[in-house]
Q: 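After the structure tokens below, expect a handful of questions from me.
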Amino acid sequence: MTGKKRKTLTYTLPEEFHVFGFSRDLLAWYDGQKRDLPWRINRDPYRIWVSEIMLQQTRVETVKPYYYAFMEKFPTVEALADAPEEEVLKAWEGLGYYSRARNLQTAAREVKARYGGIVPDKPEEISTLKGIGPYTAGAILSIAYEKPEPAVDGNVMRVFSRLLYMTDDIAKPATRIKVEHLVRQVIPVGRAGDFNQALMELGALVCVPRTPQCLTCPVFDYCLARREGVQEELPVKGKAKPPRPVHLQVAVVRRENHVLMNKRPDQGLLAGMWEFPMVESDAETPAAKQEILQDSLRNRFGMDAEVLEPLMEVQHTFSHLHWNMEVWRCDWIEGEALPAQARFVTLDEISSLTLPVAHQKIAEKLKSDQ
DNA sequence: AACTCGGGGCG
DNA sequence: CGCCCAGAGTT
């Protein structure tokens, strides 16, 4: 009965918002309750920038240790711009969404070359930098430069959907545009950065996804969803597609005390990271799996190897993929001319390469078995 | 507008 | 287990 399409809804701010009440009460709460976070010690645009990139789709507690290490290693735009790409990727290892790291360095080099190392403070300039989308542009401009720009992330979407009883699907891009227009109307002059952070802080600490803590909410009085008792039904969000299963045969090819590793292409999934060679296959029988793996090693690495026995199975789920990995112990037989992206390394050397978590699981087992 | 792109924490 | 996280780039 209920179709997917719905009449377009428009929202206006209740009168209370216009008399500074909402912004004043939210900021007062933020001034007293804000967390002590490492990117809040000053307003250095580069420090804010790095934090915002790391925080994309990533929790504060996860980011903290990476942030400390990253700022230690790359303290300035120039330090990041001049660093080897491999080192930047290594600093990102385990954090996920690795294109963030590559784009961040690309943008740092752009800032050094085109803007004299100064992060631009104009929306139309900063938005051209790789990895800086609508949210991150608004966050840097408001927090570092006090520009009155909205910074609408998942927290702000949730907070506003409840405040204004919005039933739009927050998974849709059009909804973010609506919320940006609404936020723009309530940014207090001179405190844009704190206000945007206060909205996010509220979403992170009080107006949380499940079981929002309305009794301690500083803007309880303004919330239309709470007024109707529907705060736990909001926001509306369409369901994501389940991850697609992928079956992989993985080779641990040993040659004396070395293991064959392969560097993934510099585009696409896990770009530029190292892995144990593997091949996608829906083969059913062990013999068929062994043959496919052996053929793949010959075709891709010009190598004869014997696929001996199963070592372990590894499951790993991404947002859109589910890897079923069957790992095989293999022995190198012959073949010396490895392609450029492949190397034999010792177990100790593996830890200096940048590996995705799924392959770290394999490396750990090899180390524990030796 | 839909898809790709990681990994972990929590109820 | 499903959901969500200070989203952006590509098609």
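Being a predicted model, the structure only gives us computed values, none of them experimental. By convention in this document, chain letters (A, B, ...) are assigned in the order of the sequence lines, proteins followed by strands, and residues within each chain are numbered from 1.
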Q: With a 4.0 Å limit, can you tell me whether A:Arg244 has a side-chain N or O closer than that to the phosphate oxygens OP1/OP2 of B:dT4?
A: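 It does not, given that no N or O in the side chain of A:Arg244 lies less than 4.0 Å from OP1 or OP2 of B:dT4.
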Q: Start at the 5' end of DNA chain C and walk down; is the nucleotide closest to A:Gly131 or to A:Val60 reached first?
A: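 Taking each residue's closest nucleotide, the earlier one in sequence belongs to A:Val60.
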Q: Contact class for A:Arg264 (heavy atom, under 4.0 Å): base, sugar-phosphate, or nothing?
A: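 Here A:Arg264 touches no strand at all.
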Q: Base, sugar-phosphate, or nothing for A:Gly268, non-hydrogen atoms under 4.0 angstrom?
A: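 A:Gly268: backbone/sugar contact only, no base atoms under 4.0 Å.
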Q: To the nearest 0.5 angstrom, please state how far the OG atom of A:Ser296 sits from the CZ atom of A:Phe301.
A: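 If we round to the nearest 0.5 Å, A:Ser296:OG and A:Phe301:CZ are 6.5 Å apart.
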Q: From the set C:dA8, C:dA6, B:dG7, return the single nucleotide nearest to any side-chain atom of A:Pro134.
A: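 Ranking C:dA8, C:dA6, B:dG7 by closest atom to the A:Pro134 side chain puts C:dA8 first.
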Q: When the P atoms of B:dG11 and C:dA6 are considered, how many whole Å apart are they?
A: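 My reading of the P atoms in B:dG11 and C:dA6 gives 14 Å.
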Q: What about A:Trp323 and A:Phe318, are their ring centers closer than 6.0 Å?
A: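 Between A:Phe318 and A:Trp323, which both carry aromatic rings, the centre distance is below 6.0 Å.
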Q: Quickly work out the A:Met325 CE to B:dG6 P distance and round it to whole Å.
A: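 Nearest whole value for this atom pair: 14 Å.
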Q: From A:Gln197 CD over to A:Arg191 CZ, what is the distance, rounded to the nearest 0.5 angstrom?
A: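 Rounded to the nearest 0.5 Å, the CD-CZ separation comes to 10.0 Å.
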Q: Rounded to whole angstrom units, what separation is found between the OH atom of A:Tyr97 and the P atom of C:dT10?
A: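 For the pair A:Tyr97 OH and C:dT10 P, the rounded distance is 15 Å.
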Q: Give the intermediate values and the outcome of salt bridge (charged side-chain N to carboxylate O under 4.0 Å, His left out) for residues A:Arg329 and A:Glu306.
A: CA-CA 9 Å; A:Arg329 190 166 73 81; A:Glu306 186 176 6; over 6 Å; no
Q: On the nucleotide C:dG7, are OP1 or OP2 found under 4.0 Å from the side-chain N or O atoms that A:Gln56 carries?
A: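 No, no such contact exists.
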Q: What's the gap between C:dC4 and B:dC5 when it is taken at their P atoms, as a whole Å value?
A: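 About 22 Å, rounded to a whole number of Å.
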Q: Measure from CD1 on A:Ile132 to P on C:dA8 and round the result to the nearest Å.
A: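 For the pair A:Ile132 CD1 and C:dA8 P, the rounded distance is 9 Å.
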Q: Testing the 3.5 Å rule here: is there a donor-acceptor pair between the side chains of A:Arg100 and A:Asn103?
A: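 Per modelled atom types, A:Arg100 and A:Asn103 side chains form no pair under 3.5 Å.
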Q: Under 4.0 Å from OP1 or OP2 of B:dG7: is there any side-chain N or O of A:His316 that close?
A: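 A:His316 to B:dG7 OP1/OP2: side-chain N or O found under 4.0 Å.
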Q: Judged by modelled atom types alone, do A:Asn42 and A:Asp44 share a side-chain donor-acceptor pair under 3.5 Å?
A: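 A:Asn42 vs A:Asp44: no donor-acceptor pair found between side chains.
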Q: Look at the side chain of A:Lys241 and decide which nucleotide, out of C:dC5, B:dC3, B:dC5, has an atom nearest to it.
A: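 So the nucleotide nearest the side chain must be B:dC3.
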Q: What is the separation between atom CG on A:Asn155 and atom C1' on C:dC5, rounded to the nearest whole Å?
A: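 Between C1' of C:dC5 and CG of A:Asn155: 8 Å.
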Q: Counting distance alone, no hydrogens or angles: does the base of C:dC4 have a donor or acceptor under 3.5 Å from a partner atom on the side chain of A:Arg210?
A: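 Not at all, since no donor on one side and acceptor on the other fall under 3.5 Å apart.
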Q: Look at the side-chain N and O atoms of A:His320 and state whether any lies under 4.0 Å from the OP1 or OP2 oxygen of B:dC5.
A: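 Yes, such a contact exists.
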Q: Heavy atoms from C-beta onward define the side chain here; which of C:dG7, B:dA2, C:dC4 lies closest to that of A:Lys172?
A: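 Side chain of A:Lys172 sits closest to B:dA2.
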Q: P atom, B:dG8 versus C:dG9: distance in rounded Å?
A: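 Taking atom P in both B:dG8 and C:dG9, they lie 24 Å apart.
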Q: Is there, by distance only and without an angle test, a donor paired with an acceptor across the side chain of A:Thr58 and the base of B:dG6 below 3.5 Å?
A: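 By the distance-only test, yes, there is a pair.
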Q: Which nucleotide, C:dC5, C:dA6, B:dG6, lies nearest any side-chain atom of A:Arg100?
A: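 Among the listed nucleotides, the one closest to the side chain of A:Arg100 is B:dG6.
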Q: Could you work out which one of C:dG9, C:dA6, B:dA1 sits closest to the side chain of A:Lys130?
A: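 In terms of side-chain proximity for A:Lys130, the closest of C:dG9, C:dA6, B:dA1 is C:dG9.
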Q: Could you give the CZ-to-P distance, from A:Arg102 to C:dG9, as a whole number of Å?
A: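 In whole Å, C:dG9 P and A:Arg102 CZ are 14 Å from each other.
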Q: With nearest nucleotide decided by heavy atoms, which residue, A:Thr62 or A:Gln267, maps closer to the 5′ end of DNA chain B?
A: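 The answer here is A:Gln267.
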Q: Do NZ/NE/NH1/NH2 and the carboxylate oxygens of A:Glu180 and A:Arg184 come within less than 4.0 Å?
A: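 Looking at A:Arg184 together with A:Glu180, the answer is no, because their closest N to O distance does not fall below 4.0 Å.
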Q: Will you find, in the side chains of A:Gln290 and A:Trp328, an N or O donor that is under 3.5 Å from an N or O acceptor?
A: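 No - no donor-acceptor pair under 3.5 Å links their side chains.
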Q: Rounded to the nearest Å, what distance is computed from the CD atom of residue A:Gln57 to the C1' atom of nucleotide B:dT4?
A: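 Atom-to-atom, A:Gln57 to B:dT4, this comes out as 13 Å.
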Q: What's A:Leu270 touching, base or sugar-phosphate or nothing? Going by heavy atoms closer than 4.0 Å.
A: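 Sugar-phosphate only.
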Q: Using whole Å, report how far CE of A:Met157 lies from P of C:dC5.
A: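 Whole-Å distance recorded here is 10 Å.
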Q: Mind checking A:Trp39 for me? I need base, sugar-phosphate or nothing, with any heavy atom below 4.0 Å counting as a touch.
A: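 Base: the residue A:Trp39, judged by heavy atoms under 4.0 Å, touches a nucleobase.
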Q: Counting side-chain heavy atoms from CB outward, which of B:dG6, C:dA6, C:dC5 is closest to A:Tyr135?
A: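 Given the options B:dG6, C:dA6, C:dC5, the side chain of A:Tyr135 is closest to C:dA6.
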Q: Hey, does A:Arg35 reach any base, or is it just sugar-phosphate, or nothing, if we go heavy atoms under 4.0 Å?
A: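 If one applies the 4.0 Å heavy-atom cut-off, A:Arg35 turns out to touch a base.
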Q: So what does A:Ser99 touch, heavy atoms closer than 4.0 Å: a base, only the sugar-phosphate, or nothing?
A: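 Touches nothing.
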Q: Whole-Å distance between C:dA8 P and A:Leu55 CG?
A: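 After rounding, the gap between these two atoms is 12 Å.
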Q: With respect to the side chain of A:Asn103, which nucleotide from C:dG9, C:dA6, B:dC5 is positioned closest?
A: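 Among the listed nucleotides, the one closest to the side chain of A:Asn103 is C:dG9.
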Q: Would you say A:Lys239 reaches C:dC4's phosphate, i.e. side-chain N/O to OP1/OP2 under 4.0 Å?
A: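 Checking C:dC4 against A:Lys239, no side-chain N or O comes under 4.0 Å of OP1 or OP2.
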Q: Quick one: label A:Ile170 by what it contacts on the DNA or RNA (base, sugar-phosphate, nothing), any heavy atom closer than 4.0 Å.
A: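 If one applies the 4.0 Å heavy-atom cut-off, A:Ile170 turns out to touch nothing in the nucleic acid.
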Q: Check if the side chain of A:Thr136 and the base of C:dG7 share a donor-acceptor pair of N or O atoms closer than 3.5 Å.
A: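 Side chain to base: no pair present.
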